[in-house]
**Q** 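Encoded as structure tokens, here's the structure I'll be asking about.
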Amino acid sequence: MKIATCNVNGVNGRLPVLVRWLEEEQPDIAVLQELKAPQEKFPEKTIRDLGYDVVWHGQKSWNGVAMLSRVGEIHETRRGLPGDPDPAQSRYIEAAVNGLLIAGLYLPNGNPRPGPKFDYKLLWFERLIEHAADLLASGAPVVLAGDFNVMPTELDVYKPERWLDDALFAPEVRAAFFRLLEQGWTDALRTMHPDETIYTFWDYFRNAYGRNAGLRIDHLLLSPSLADRLVDAQVDRQVRGWEKTSDHAPTWIELADAKPARRKQK
DNA sequence: ATGGCACATTATATGTGA
């Protein structure tokens, strides 16, 4: 089963890119971020016509998250984090799909640092860490996927020294990411590619994509039972080269089928 | 330190992103 995350940077403005990617790569489950569309303006019919069930949490102008599935119905379990510091911002959606619990998230950018936006990022991160602990404690097979707006290590940023004061690479933000991982989550991309330079984002300026001046900020984190089923993790970096594309490339994992439950011996 | 680009908005400039 292939599970993908993509920050689409405007679901309507970039709908042709999204449709082409879904047709070519056919992810079984996908989470999307930065819809930049109010609830009533989500292109539901286009997505359903491609064979996907879909739920979404829209917001005018900014943020907005969605989940797509072509492997069975989506059973939404929550939208918004418990104790969300600003419920008006649509940044979290969670659902049971095909035997998995999938969380799609869009962590705040947090720039400029210092400032109220950075404080909000840290607060949101703390709420996520608390909720993630509950998800792990449930024992369910969970995928936490989305745009985390964090480069975890120096390997994840083209010029680390230039990003030290940025909200995406600040020490306290990276520390929060590692506190989350230490609960027992597996960073799927990094686990499959331990030493590789692998990015998920290239900005629109200065030919960043052409120069491979990128960042790895989109992540898929796996609960322990799913980490055992991880067989591949990749970035569809070619999508970043298409016309009118997002500045993020789709990122995905492949999970092996769950082992059937052991039958009792007679 | 700045600005480069691109999205959205009861737009024609501004806020936001990373």
Side-chain angles (χ1 to χ4, degrees), chain A residues 5-21 31-43 46 56-66 85-86 88-92 104-122 124-125 146-174 176-177 189 197-219 235 237 239-251:
Chain A
T5 178
C6 187
N7 178 319
V8 295
N9 191 8
V11 71
N12 288 306
R14 305 191 190 281
L15 192 56
V17 169
L18 175 62
V19 168
R20 178 179 169 192
W21 170 67
V31 292
L32 310 180
Q33 305 86 39
E34 272 210 273
L35 303 178
K36 292 185 172 178
Q39 190 67 13
E40 64 276 14
K41 291 273 179 65
F42 183 85
T46 303
W56 69 98
H57 189 196
Q59 182 186 332
K60 195 171 86 171
S61 301
W62 298 304
N63 310 315
V65 288
D86 180 3
Q89 300 192 25
S90 300
R91 297 182 174 276
Y92 187 89
L105 64 97
Y106 177 42
L107 214 133
N109 174 307
N111 278 307
R113 169 183 177 267
K117 289 188 175 178
F118 188 69
D119 296 341
Y120 173 66
K121 179 177 196 168
L122 293 180
W124 204 94
F125 218 145
D147 177 358
F148 284 69
N149 270 316
V150 183
M151 295 87 87
T153 76
E154 297 199 340
L155 194 53
D156 302 314
V157 49
Y158 65 101
K159 275 200 176 163
E161 68 278 5
R162 285 204 189 166
W163 287 84
L164 289 171
D165 293 328
D166 191 278
L168 279 70
F169 198 53
E172 55 271 54
V173 174
R174 293 161 64 190
F177 186 81
L189 263 285
T197 296
I198 181 165
Y199 299 138
T200 65
F201 167 93
W202 298 261
D203 81 27
Y204 291 117
F205 320 135
R206 297 163 300 206
N207 189 31
Y209 180 61
R211 295 186 296 120
N212 197 28
L215 310 172
R216 190 175 75 95
I217 54 178
D218 300 277
H219 306 298
V235 177
R237 73 190 310 289
V239 176
R240 181 62 182 80
W242 296 352
E243 290 291 317
K244 299 281 287 176
T245 199
S246 170
D247 37 9
H248 297 250
T251 304

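Lettering follows sequence order; numbering is per chain, from 1. Values below: all heavy atoms of this structure, side chains included; hydrogens, waters and symmetry mates excluded. The model shown is predicted, which means the values in this text are computed figures rather than measured ones.
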**Q** In whole Å, what is the span from the CG atom of A/Leu164 to the P atom of B/dA1?
**A** 13 Å
**Q** Using the C1' atom as the reference point in each nucleotide, state the distance between B/dT10 and B/dC5 in Å, no decimals.
**A** 25 Å
**Q** Please give the distance between the P atoms of B/dA18 and B/dA13 as a whole number of Å.
**A** 26 Å
**Q** What residue among A/Leu105, A/Leu168, A/Ile217 forms side-chain contact (heavy atoms from CB on, under 4.5 Å) with A/Phe148?
**A** A/Leu105
**Q** Looking only at side-chain atoms of A/Tyr204, point me to the closest of B/dG4, B/dA6, B/dA18.
**A** B/dA6
**Q** Just how far, in rounded Å, is C1' of B/dC7 from CD of A/Gln59?
**A** 14 Å
**Q** How many Å lie between CD on A/Glu243 and P on B/dC5, as a whole number?
**A** 15 Å
**Q** Figure out the CG/P separation between A/Asn111 and B/dA1, and round it to whole Å.
**A** 13 Å
**Q** The test is side-chain contact (heavy atoms from CB on, under 4.5 Å); show your working for A/Phe125 and A/Val150 and say whether it passes.
**A** CA-CA 11 Å; A/Phe125 218 145; A/Val150 183; 3.8 Å; yes
**Q** Quantified in whole Å, what is the C1' atom distance between nucleotide B/dC7 and nucleotide B/dT12?
**A** 16 Å
**Q** Restricting both atoms to N or O, compile the protein contacts to nucleotides 14-16 of chain B shorter than 3.5 Å, with distance only.
**A**
unit_1	atom_1	unit_2	atom_2	d
B/dT16	O5'	A/Lys117	NZ	3.4

**Q** With heavy atoms under 4.0 Å as the rule, sort A/Phe169 into base, sugar-phosphate or nothing.
**A** nothing
**Q** Specify whether A/Trp56 and A/Phe42 have parallel, tilted or perpendicular ring planes, treating 30° as the upper limit for parallel and 60° as the lower limit for perpendicular.
**A** parallel
**Q** If I pick the C1' atom on B/dT16 and the same atom on B/dA11, what distance separates them, to the nearest angstrom?
**A** 15 Å
**Q** What is the distance from NE2 of A/His219 to C1' of B/dA18, rounded to the nearest Å?
**A** 13 Å
**Q** Nearest-nucleotide wise, let me know which of A/Lys244 and A/Arg162 is further upstream toward the 5' end of DNA chain B.
**A** A/Arg162
**Q** Which is more 5' along DNA chain B, the nucleotide nearest A/Asn149 or the one nearest A/Gly10? Just name the residue.
**A** A/Gly10
**Q** Of the nucleotides B/dT9, B/dA8, B/dA18, which has the atom closest to the A/Leu215 side chain?
**A** B/dA18
**Q** Which pair of heavy atoms, one from A/Tyr106 and one from A/Val65, lies closest together, and at what distance?
**A** CB-CG1, 4.0 Å
**Q** From C-beta outward on A/Arg14, which listed nucleotide comes closest to its side chain: B/dC7, B/dT9, B/dG17?
**A** B/dC7
**Q** Compare every heavy atom of A/Val11 with every heavy atom of A/Ala37, then report the nearest pair and how far apart it is.
**A** CB-CG1, 4.1 Å
**Q** In whole Å, what is the span from the CZ atom of A/Arg211 to the P atom of B/dC5?
**A** 13 Å
**Q** Please state the P separation for the pair B/dA1 and B/dA6 - nearest whole angstrom.
**A** 26 Å
**Q** Is there a side-chain contact (heavy atoms from CB on, under 4.5 Å) between A/Tyr209 and A/Arg237 once you walk through the steps?
**A** CA-CA 9 Å; A/Tyr209 180 61; A/Arg237 73 190 310 289; 3.6 Å; yes
**Q** Looking at A/His248, I'd like to know whether one of its side-chain N or O atoms comes within less than 4.0 Å of OP1 or OP2 on B/dG17.
**A** no
**Q** Is A/Asn207 touching bases, backbone alone, or none of the nucleic acid, heavy atoms closer than 4.0 Å?
**A** nothing
**Q** Between the base of B/dA18 and the side chain of A/Asn109, is there a donor and acceptor pair under 3.5 angstrom?
**A** yes
**Q** Check the distance between B/dA18's C1' and A/Met151's CE and give it to me in whole angstrom.
**A** 8 Å
**Q** Checking salt bridge (Lys or Arg N to Asp or Glu O under 4.0 Å) for the pair A/Arg14/A/Glu34: CA distance, chi angles, key distance, verdict?
**A** CA-CA 11 Å; A/Arg14 305 191 190 281; A/Glu34 272 210 273; over 6 Å; no
**Q** Could you tell me if A/Asn111 and A/Lys117 have a donor-acceptor pair between their side chains, going purely by distance under 3.5 Å?
**A** no
**Q** Hey, is the side chain of A/Asn7 poking within less than 4.0 Å of OP1 or OP2 on B/dA18, counting only N and O atoms?
**A** yes
**Q** So, does A/Tyr209 get its side chain near the phosphate of B/dC5, meaning an N or O under 4.0 Å from OP1 or OP2?
**A** no
**Q** Output the rounded distance in Å from NZ (A/Lys159) to C1' (B/dA18).
**A** 17 Å
**Q** Check whether any side-chain nitrogen or oxygen of A/Lys60 sits under 4.0 Å from OP1 or OP2 of B/dT10, and answer yes or no.
**A** yes
**Q** If you check the A/Arg91 side chain, which of B/dG17, B/dA8, B/dT10 turns out closest?
**A** B/dG17
**Q** Considering the options A/Lys121, A/Arg91, A/Gln33, which one meets the side-chain contact (heavy atoms from CB on, under 4.5 Å) requirement together with A/Leu107?
**A** A/Lys121
